[in-house]
Amino acid sequence: MSQVRRLDQGGRIDRATPLEFTFNGTSYVGFKGDTLASALLANGVTEVGRSFKYYRPRGIVGAGVEEPNAIVQLELGETTTPIQRATEIELVDGLVAKSATTKDRLGLRRLGRLASSLMPVGFYYKTLIRPKALWEFGEKLLREAAGLGTLPVARDPAIYDKYHHHCEVLVVGAGAAGLSAALAAARHGSRVIVADEQAEFGGWLLSSSTLIDGGSSDVWIEEAVTSLQSHPNVVLLPRTTVFGLYDHMLVMACERLVGQHSSIHGLPRERLHQIRAKHVVLATGALERPLTFANNDLPGVMLPSALLTYLNRYAVAPGNDLVLATTNDQAYDAAFAWHDCGKKVAAICDSRSELQPTLMMRCEERSIKVLQEHTVTEARGRKRLDGVFVARLSSDKSSLIGKSHAIGCDLLATSSGWNPVIHLNAQTRAMARWDEDEVSFLLDSTSPNVVTAGAINGSRTLAACLREGVTAVRQLRSLSEHELDSPVPQVEETNPACADKIFKAPHRRSDSRAPKQFVDFQLDVTAADIQLAACEGYRTIEHVKRYTALGFGNDQGKLSNVNGIAVLADSLGKSMGEVGTTVFRPPYTPVTFGAMAGRSVGALFDAERHTPMHKWHVEHGAEWENVGQWKRPWYYPYGDESMHDAVNREVLAARSRVGVLDASTLGKIDVQGKDAAVFVDRVYSNMFANLRVGRCRYGLMLRDTGMIFDDGVTARIAEDHFLIHTTTGNAEVVLSWLELWHQTEWPDLDVRLTSVTDHWATAAVVGPKSRSVLRVLFPALELKEECFPFMSVQSAEIEGIEARIFRISFSGELSYEINVPAQYGLSLWEKIFEIGEPYGITPYGTETMHVLRAEKGFIIAGQDTDGSMTPADMDLAWCVRRNNDVDFVGRRSLALSDYQRSNRLQFVGLETRDPLTVLPEGAQLLNERSKTVPAPMQGYVTSSYFSATLGRSIALAMVSGGHRRLGESLQCALHNGRFIEVKIVSSTFYDADTAAQKVDESSDTNDVLPQVTSRVLSRTSYHETVEEANRDHESISCELWEDSRVVTLLGPSDSREQTSRSLDAVGTLPSEPCTWSSIDGVKVCWLGPNRWLTLERFGDDGTIDFDFGLSLPPDITFVDTTGNYTVFSLTGSSAKRLLQKSCSYDFHESVFSTNTCVLTTFARIQALVVSGENDGVELLVRRSYSDYAYRWIVDASREFGFAV
Amino acid sequence: MLRIYCPYCESVRDEDEFHCVGEAHIKRPERPDELSDQAWGEYLHFRTNPRGEHREIWQHAVGCRQHFNVLRDTESYEIKSVYRINEEPPNVTDPDT
């Protein structure tokens, strides 16, 4: 057996399961239950790495998160993981790791001691400061030398997961105090979550051998865990580090799953838990603090608590002869355990003058020599410890008395007390206070709803920890009304005596002359460094931290901070409390980027919106433009056609024959209510009250500052019914804007707003032959100019499906925008292409759309405007009503004096001298070729294209006083210092007399219409294929309801009392928030005050017999929103778990009951979750998100098994 | 992250379900024409931006789409009160002071 340091018996390891692993190229064997650190120690590995700055050998110091030295690179190769703590890595078979030691590029190993004595604190700052160029050279070297480990170069194949939790009590730490608190809270019936960073619950109990209730602590732990598991409302999270406590009690924790270094069978590697806790019990314990003395970084020096852990938990004795140096009672346990396993305790050096007789008795029983008022001043050895120098302390403990003498040993354990783990609470700005009695920083106060228990309070006995767990739960306000009669387990132990306040052992030489006394092992900060910093004028711990790098490592100074504060306090002549701590910030331990990202990577990186015709665009090779979250076809290259050629072809097709644009992404807002006209009149600068039913008008929406905010065509569908079109990217913003005005300034108006963006699929049929396509598509529709004039809308049926046709034009051509409910969009689109084929119908994308509109000088809000342009600036003063009868939004501002300036930037066209030169968008315009800085700016280019129609380049620009400067020349400055001369022209380049958009009826008779085989429009929904369905052990099934109807019901605005409405003879609309009720078999869901959504499936005969139009009360109106949504029905035992991964909402049965429906976020998009049968739900997402949502569902269900 | 109570949905939700619109109780002047450019400009652009208690309008954008008022401490992020648009601002004083 190669595990030379493994004890023959004991420990919590499974000796029957040996595990092979490789460290720094050498193969070793450990046991199941080992950490990498314990397995290395068992194999006699003492040096685990080299130090950061001085390249000194380092060994394992701690046994948990505090470990500063054993930082390893896990799994070598392309997907390697850096900065992993050997003390936290559970050993698995085949594990490969190496030291994360930096390269010795600066040759420190060769220079050895000489280098270290020449490198004081701030060495690089001081040395590389002059000449300036030296830093640039030096920085490169330092970058090479600095940093721990190597970043992976390949994409991480692991899966990362996220969970949302809600609980009444979160217990952080499952040691004695934590388990005790959890049991008390669980008995009360609360929803409890217990998180602990270790694989096993028990905390310090796993390392100690104390008895509880007269029995082994193992038994007590097991009973506690079993009891907790039996409560249905308790969630246990082992291997889960709670790393951040944020505002409003959001607690973040990261769980490491099996194997930890690799993904197994679709299981995630890490899970990020986002816990919304009502109360938090912090039972985070304490970490032991080492003594600082000369050469204290030699391998072989460790913490007594770590030693005890290795002995008791892992059955590893990392040496033969032990010296213990301590300032307190607790550290003695390590020496006793060491002796009891048959090893030699060479001496115990206790700094204190008075020692407890009981403790001395136990030492005598074991014949352990105790050196009272002694301390270790220096460690001896080259590559590892071979002895220590000890000396007597003066009575004030600040200097040495008499001669020091050497003691031979190969293991030294030192303790200067304990640091309570107050990090989490301190992150929320709770202050830490220095406690002289406990010799540690304790919490001065906790945040409301946070209580503490156990060693975090400075409590040093097991009995106190167990008791405080129970009392902590009693303190929780909401629980205290109930009787809590949790028994406190009994423990027999003696109270420890007072500890000494010593952090650094004195040395015969001054600290700057003595061998290095390391405070921070990870970043090689010595006591002398901190003293020098104080000498150089650094007064606050925050500055000293940044100057010396104390506590800057990835261990965040868990061992070093308090010792560093002590050295600084001593240097400044201040108390510990006066120096104080640095600010605690999350995370408590490093968190991987993978865990933060969760499943939002690759195809799920961001939510994507697809139009109903997306599949067609994909099949026809569209290149994409991202507009907000929408994927819009940019252009459709044929073969290897360039973008320039493709766009020119598309432009000419639309101008000379017929082109089609997928305009489904345009924002569409349905406005109803008897005050709809008044409302629309107030939010646009134009007049709308006089718009006739069936007609459309282009309108400008202004901010109250008078600046253009959005534009679009608004149609009057009925007297009290409008449809507003917004720009694609602004749809959500405009809706919120309208709702804000309605709800805050004009709540008395009866207006009902509904977004119907996703409901309608829109195909814009553009060009001279568009009318011929329409004639075939809608044979019954009268297309004569007088019947269907420009700027009007008609309803028409196509195969029994309602279509709306707008004769509007964003291209200047004769154009019809055909709208059908989204589920028929793809089918309509295909039909249009079938009809248009003889005319050479051509799909065009957003780039061609831009060129066409720029030729006409039509603006794009957000491209040609940036929120600082008035209608007059854009030559759109005709959109502003002249009379003052309506105080529309923005009106007063238009009269502001600054808005009348004649040199305001104004919207014009630009032409280059060379017709083939296309100006860069954003380029600045100057009066002359001047390179003076700053050059007097005359404006800038907002849009620029090559116009195939005109055979030349065109550009739109904002030019100072531009409207009166037509014909003048300007210089366009390029980034490379060159200039292009441009001429200011009108912004309308093409067809200024709008002849192109007129109907040419003369050709009708000659037009031979194509014959079309009758094709019925069919419904289509999402387009994803189900590649990843796992039918083996499915526990989630997802059904898509293609045969459903979704209608939004709207009541007049607000007032809770009004919301209880009865539907004639059938039932009552639900008035209770977030509930649904069943009316005649239809689910009617509450969406908001006076807004409901009905969800129903077609009957067997494919029809819906319930007609809302007939049975609704007169003040309730409705909008068909079937096309707005895709309905997924999720059922199965893991459906709720899927929701827990995707929604921040609480789906616990106490909140989400059988008649709950809730609008919330699902996978970061809006969704309506409606409770369904058998614990299932119906999930309604906007149709444009359905591909994305489906992808998410498949991905998040992978670990459960999934069927469609 | 904030956790905000929606007075219409009657439940506490994550911040990302909401939009913050800005300072509350800024009534649009009834007769803008009677205001000087300066007075109108103050209505448009000037906000209090206090350290401490701040009344804000939030919209439950992902949920019921209603706007409501939130009294929030800009220093501690504590939400001291939530009330509807048509309701009077409550008189809340810091219980800690």
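Letters go in sequence order (proteins before strands), and every chain restarts at 1. Values reported hereafter were calculated over all heavy atoms of this structure, with side chains retained and with hydrogens, waters and symmetry mates removed.
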B:Tyr43 versus A:Asp704, side-chain donor and acceptor atoms under 3.5 Å: yes

Residue-level interface, residues 1155-1168 of chain A with chain B, non-hydrogen cut-off under 4.5 Å: A:Val1158, A:Leu1159, A:Thr1160, A:Thr1161, A:Gln1166

Among the listed options A:Val1151, A:Leu250, A:Leu1087, A:Leu753, the residue most often paired with chain B at heavy-atom distances under 4.5 Å: A:Leu1087

Chain B interface, residue from A:Ser736, A:Cys1074, A:Ala895, A:Ser897 that has the most non-hydrogen pairs under 4.5 Å: A:Ser736

Heavy-atom check, side chain of B:Tyr8 versus side chain of A:Pro1073, under 4.5 Å: no

Nearest-0.5 Å distance that lies between atom CZ in B:Arg13 and atom SG in A:Cys1143: 10.5 Å

Contacting moiety of B:Ile57, where chain A heavy atoms sit under 4.5 Å: side chain

Point-to-point distance, once rounded to the nearest 0.5 Å, from OH of A:Tyr246 to OH of B:Tyr77: 13.5 Å

Side chain to side chain, B:Arg65 and A:Arg1091, heavy atoms closer than 4.5 Å: no

Approximate separation, where rounding is to 0.5 Å, of B:Arg3 CZ and A:His166 NE2: 5.5 Å

Heavy-atom contact with chain A under 4.5 Å, split by part of B:Phe68: neither

A:His165 NE2: over 12 foreign heavy atoms closer than 6.0 Å: yes

Short N-O contact, B:Arg31 and A:Asp887, less than 4.0 angstrom: no

Flag if over 12 foreign heavy atoms under 6.0 Å of OH, B:Tyr5: yes

Separation between SG of B:Cys9 and CH2 of A:Trp1086, rounded to the nearest 0.5 Å: 4.0 Å

From B:Gln38 atom CD to A:Leu896 atom CG, the distance as rounded to the nearest 0.5 Å: 11.5 Å

Heavy-atom side-chain contact between A:Arg276 and B:Val12 under 4.5 Å: no

Flag if over 12 foreign heavy atoms under 6.0 Å of CD, A:Glu1149: no

Which portion of A:Trp741 sits near chain B, non-hydrogen atoms under 4.5 angstrom: side chain

Between NE2 on residue A:His248 and CG on residue B:Asp14, distance to nearest 0.5 Å: 11.0 Å

Among the listed options B:Asp37, B:Leu35, B:Val21, the residue most often paired with chain A at heavy-atom distances under 4.5 Å: B:Asp37

Chain A contact via B:Ile85 - side chain, backbone, both or neither, heavy atoms under 4.5 Å: side chain

Heavy atoms from other residues, nucleotides or ligands near CZ of A:Arg901 exceed 12 (cutoff 6.0 Å): yes

No-hydrogen, no-angle side-chain donor-acceptor test under 3.5 Å, A:Thr744 and B:Arg28: no

